[in-house]
There are 2 protein chains.
Amino acid sequence: MDHLKLENQVCFPIYTLAKEMVNKYRSLLEDLELTYPQYLVMLVLWEKDEQSVSAIGEKLNLDSGTLTPLLKRLEQKEIVMRKRSQADERMVVISLTAAGHQLKTKAQNVPSAMVDAMSIPVAELKLLKNSIDKILSNL
Amino acid sequence: MDHLKLENQVCFPIYTLAKEMVNKYRSLLEDLELTYPQYLVMLVLWEKDEQSVSAIGEKLNLDSGTLTPLLKRLEQKEIVMRKRSQADERMVVISLTAAGHQLKTKAQNVPSAMVDAMSIPVAELKLLKNSIDKILSNL
DNA sequence: CCATTATGTATTGCGCACAATATAATTTTG
DNA sequence: CAAAATTATATTGTGCGCAATACATAATGG
């Protein structure tokens, strides 16, 4: 078997799936005027308000080069605020505005819409998640 | 269950895995001086030389906005050539240079190195690929 | 055969993603 | 306490990824 054939690649479907997922989210998040990475940041903040850039970055595996401009865009939309911590002025603390909090109610139906779009049995989805987590811990 | 909790997201692990995969490829492809998307284009060309931009794009699900600059970078590395088709001057035909052909031998060990890095049983990998293909056909 | 439509690539603009570096503040050490 | 090391964010540069648009060529239908 030719391991360099596209058809025999394992990673290519994963790479493609991730892109297609983000494309699907593009339409699902249109109303919220959020991109998928922005939506992920909002998930993190909806769970716990007032977090440092690095704390958000650790949870999402994103560095400041990605987060700083992204958070500035969220600030411009006026759904988050950026403020230097009093305690440690190196830290920038991100917090939700009222509009940012409210956006959560508009996002409630997004996860189920996504699972519907994938239309795959929940059991199979759990297996999938398990395999992915296993690979992630190895990489 | 709170469907908006990061922990309960199904897509986030997929998104993370795709990124980690690309990161792993970064080190595996360092010798070849290729990025992962560039490597994918080379896989397509190693299978069949002389293909139009659109043909490559269909196989990889990438549009000209992505491929044109990418292919120009491969041209600068002198591993591919870009030439307008005589038959249809709208088409740009991409072909491998001698160096481009030779690069294939250096790439032979990349797929196995990647599978090794993921360190997951082949059987489970096949299940994973099946699930992903199923979701992709739905999205 | 000419106007219309379709096709193929290129360009532009925006938003990630990450490496490398810079900068400033805090902590640790001698 | 001052110098050195560490920590946290910001900045810069490169490379995707995709939508929207432009533009040229080819095909098609009166």
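First the proteins, then the strands, lettered A, B, ... as listed; each starts at 1. Basis for what follows: all heavy atoms, side chains included, without hydrogens, waters or symmetry-related copies.
Applying the 4.0 Å criterion to OP1 and OP2 of D/dG15, one finds that B/Tyr36 has every side-chain N and O outside that range. OP1 or OP2 of C/dT11 lies within a sub-4.0 Å distance of a side-chain N or O belonging to B/Lys72. Side-chain N/O atoms of B/Thr68 include none lying less than 4.0 angstrom from OP1 or OP2 on C/dT11. B/Arg84 has no side-chain polar atom (N or O) that falls below the 4.0 Å cut-off from OP1 or OP2 of C/dG8. At least one side-chain nitrogen or oxygen of B/Arg82 sits closer than 4.0 Å to the OP1 or OP2 atom of C/dA10. Regarding contacts with the backbone of C/dA17, a side-chain N or O of B/Tyr15 is found under 4.0 angstrom from either OP1 or OP2. Between C/dC14 and A/Arg73, no contact under 4.0 Å exists linking OP1 or OP2 to a side-chain N or O. OP1 or OP2 of C/dC18 has not a single side-chain nitrogen or oxygen of B/Lys24 nearer than 4.0 Å.
If you take CD of A/Glu33 and C1' of C/dG15, they are 15 Å apart, rounded to a whole angstrom. In this structure, A/Gln76 atom CD and C/dG15 atom C1' are separated by 13 Å, rounded to whole Å. Atom CD of B/Glu20 is separated from atom P of C/dA17 by 12 Å (rounded to the nearest Å). When rounded to the nearest whole Å, the span between NZ of A/Lys19 and P of D/dG15 equals 18 Å. Spacing between atom CG of A/Asn61 and atom P of C/dC18 amounts to 8 Å, rounded to whole angstrom units. Atom CG of B/Leu71 is separated from atom C1' of C/dG8 by 14 Å (rounded to the nearest Å). Rounded to whole Å, the distance from CD on A/Glu58 to P on D/dT9 is 9 Å. Per the geometry, CG belonging to B/Leu70 stands 10 Å off P belonging to D/dG15, to the nearest Å.
Across C/dG15, C/dA17, C/dT9, the shortest atom-to-atom separation from the side chain of A/Thr35 is found for C/dG15. Among the nucleotides C/dT9, D/dA8, C/dC18, the one closest to the side chain of A/Arg90 is D/dA8. Closest to the side chain of A/Leu62, out of D/dG17, D/dG15, C/dA17, is C/dA17. For B/Ser64, the listed nucleotide lying nearest its side chain is C/dT9; candidates were C/dG15, D/dT11, C/dT9. Closest to the side chain of A/Asn23, out of D/dT9, D/dG15, D/dC18, is D/dC18. Which of C/dA10, D/dT9, D/dC16 sits closest to the side chain of A/Val53 comes down to D/dT9.
For A/Pro69 and B/Asp88, each mapped to the nucleotide of DNA chain D holding its nearest heavy atom, the one lying further toward the 5' end belongs to A/Pro69. Closest-nucleotide positions on DNA chain D for A/Arg26 and A/Ala55 were compared, and the one nearer the 5' end corresponds to A/Ala55. Where A/Thr66 and A/Glu89 each meet DNA chain C at their nearest nucleotide, the meeting point lying more 5' is that of A/Thr66.
Among the atoms of the strands shown, none is found under 4.0 Å from any heavy atom of B/Ala18.
Salt bridge absent: A/Glu89 and A/Arg84 never bring a charged side-chain N and a carboxylate O closer than 4.0 Å. Using a 4.0 Å cut-off between charged side-chain N and carboxylate O, B/Glu124 and A/Lys134 make a salt bridge.
By the criterion of side-chain heavy atoms lying less than 4.5 angstrom apart, applied directly or through intervening Ile, Leu, Val, Met, Phe, Trp or Tyr residues, B/Leu127 is not grouped with A/Leu127; the two fall into different hydrophobic clusters.
Between the side chains of A/Asp49 and A/Ser95, not a single donor N or O lies within less than 3.5 Å of an accepting N or O.
Note on ring orientation: taking the six-membered ring where Trp is involved, the planes of A/Tyr39 and A/Trp46 are perpendicular (angle over 60°, cut-offs 30° and 60°).
For B/Glu33, the CD atom counts as loosely surrounded, since its 6.0 Å shell holds 12 or fewer non-hydrogen atoms of other residues, nucleotides or ligands.
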